[in-house]
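Along the sequence shown, the residues carry numbers beginning at 1. All ligand and atom numbering here is 1-based and tracks the order in the structure.
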Amino acid sequence: MTAIRIAPSILSADFGRLAEEVVRAQEAGADWIHVDVMDGHFVPNLTLGPAITAAVRKATHLPVDVHLMIENPGRYIQAFRDAGADVVTVHQEACPHLHRTLASIRESGAQAGLALNPGTPVSAAEEVVQMLDLLLIMSVNPGFGGQSFIPSSPGKVARAHRMLDAAGRPDILLEVDGGVDASTAPLLAAAGASVLVAGSALFRASEGLEIALARMRRAVDHQRGGS
Ligand code: DX5
Ligand code: ZN
């Protein structure tokens, strides 16, 4: 079984020292850097765009994982790819022409991700599963960092894992985002998650990012070792 990737979300980083925060996460052992893009329409919050993504790209050699929480994301895929995104994830709920949007992510040269809100069933991904490199299960309603983990999420991750297996695509990465910390991470690992996004549990940890990331890694490895 491949090791779980941990993807710190810069949404909870100190934006005034963004490059340093990214380097700090990389040196602490992060696998990916997760970039949350919000448009004030699909979700109530406004965050950042391609220029900040390019600054993240410049600061790290790690894969840059861009999570687009925006309406009609097709308009911006090339801009984020040009800014250095390795993975571009769009929301099923934000894409009236999902098949076309996923195809254009692949055409841009990025890996294609599909995100499902907590209220969206796993079956919403079935018709496009062969176009995916990653499936993202939201474990909070998107829009803000620091929200509480929805307790039914590990069950949904397990259903998604079975769906990918049944589709003959166990290689598709199964990412989970929202309320992930050292206590929820092992539940997600046990359910079959392969990428864990964490913002506040890492960048806002009282013990510091390095210790928090090591603790999350140990909690996940322990669970995997014991399974
Ligand atoms: C939520 C974002 C998340 C967020 C996670 O809408 O997609 O990536 O930063 O933050 P935490 O880990 O604090 O829930
Ligand atoms: Zn995210």
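- Protein heavy atom nearest atom 12 (O) of ligand 1, with residue, atom name and distance: Gly199 N, 2.8 Å.
- Regarding atom 1 (C) of ligand 1, its nearest protein heavy-atom neighbour is Phe144 O, 3.6 Å.
- When hydrogens are left out, the protein atom nearest atom 6 (O) of ligand 1 is Gly143 N, 2.8 Å; that is the closest non-hydrogen contact.
- Per residue Asp177, closest N, O or S atom to the Zn ion (ligand 2): atom name OD2.
- In this structure, Met38 is part of the shell of residues with a heavy atom less than 4.0 angstrom from ligand 1.
- A search for side-chain hydrogen bond (donor to acceptor under 3.5 Å, both in side chains) contacts involving Glu127 returns nothing, not counting sequence neighbours.
- No donor-acceptor distance shorter than 3.5 angstrom exists from the side chain of Gln92 to the backbone of Thr120, with no hydrogens or angles considered.
- Interface atoms of ligand 1 facing His67, defined by a heavy-atom separation under 4.0 Å, are 7 (O).
- Shown in contact with Met69 at under 4.0 Å from a heavy atom are these atoms of ligand 1, numbered in order with element: 6 (O), 7 (O).
- The distance from the CD1 atom of Ile70 to the CZ atom of Arg75 is 6.5 Å, given to the nearest 0.5 Å.
- If you look at Ser9 next to ligand 1, the close heavy atoms, those under 4.0 Å, all belong to the side chain.
- Protein heavy atom closest to atom 11 (P) of ligand 1, with residue, atom name and distance, is Gly146 N, 3.6 Å.
- Less than 4.0 angstrom separates some heavy atom of Pro142 from each of these atoms of ligand 1: 6 (O).
- Gln130 contributes a side-chain N or O that, together with a main-chain N or O of Ala167, makes up a donor-acceptor pair within less than 3.5 Å.
- In this structure, the side chain of Thr47 engages the main chain of Met38 through a donor-acceptor pair within 3.5 Å.
- For Glu21 (side chain) and Ile10 (main-chain N/O), no donor-acceptor pair under 3.5 Å exists by modelled atom type.
- Checking side-chain atoms of Arg217 against main-chain N and O of Gly29 turns up a donor-acceptor pair under 3.5 Å.
- When hydrogens are left out, the protein atom nearest atom 10 (O) of ligand 1 is Gly145 CA, 3.5 Å; that is the closest non-hydrogen contact.
- Ligand 1 places these atoms under 4.0 Å from at least one heavy atom of Val197: 8 (O).
- A donor atom on one side chain and an acceptor atom on the other are not found under 3.5 Å apart for Asp65 and His67.
- One N or O on the side chain of Asp14 and one on the backbone of Gly16 form a donor-acceptor pair closer than 3.5 Å.
- Nearest non-hydrogen protein atom to atom 3 (C) of ligand 1 is Asp177 OD1, 2.9 Å.
- The ligand atoms of ligand 1 that sit less than 4.0 angstrom from a heavy atom of His34 are 8 (O).
- For atom 14 (O) of ligand 1, the nearest non-hydrogen atom of the protein is Gly179 N, 2.8 Å.
- Interface of Gly178 with ligand 1, defined as ligand atoms under 4.0 Å from a residue heavy atom, comprises 14 (O).
- Under the 4.5 Å side-chain criterion, counting only non-hydrogen atoms from C-beta, Phe203 is not in contact with Ser9.
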### Task
Could you check Val176 against Thr184 for side-chain contact (heavy atoms from CB on, under 4.5 Å), going step by step and ending with a plain yes or no?
CA-CA 11 Å; Val176 189; Thr184 55; over 6 Å; no
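- If you number the atoms of ligand 1 from 1 as listed, the ones under 4.0 Å from a heavy atom of Ala198 come out as 12 (O).
- Not one N or O on the side chain of Arg106 forms a donor-acceptor pair closer than 3.5 Å with the backbone of Gly109.
- Angle ND1(His67) to the Zn ion (ligand 2) to NE2(His34): 100° [nearest 10 degrees].
- Between Asp36 and ligand 1, a contact under 3.5 Å exists for at least one N or O pair.
- A distance of 8.0 Å separates CD1 in Ile4 from CG in Leu188, rounded to the nearest 0.5 Å.
- Closest to atom 13 (O) of ligand 1 among all protein heavy atoms lies Ser200 OG, 2.5 Å.
- Minimum-distance N/O/S atom of Asp36 relative to the Zn ion (ligand 2): OD1.
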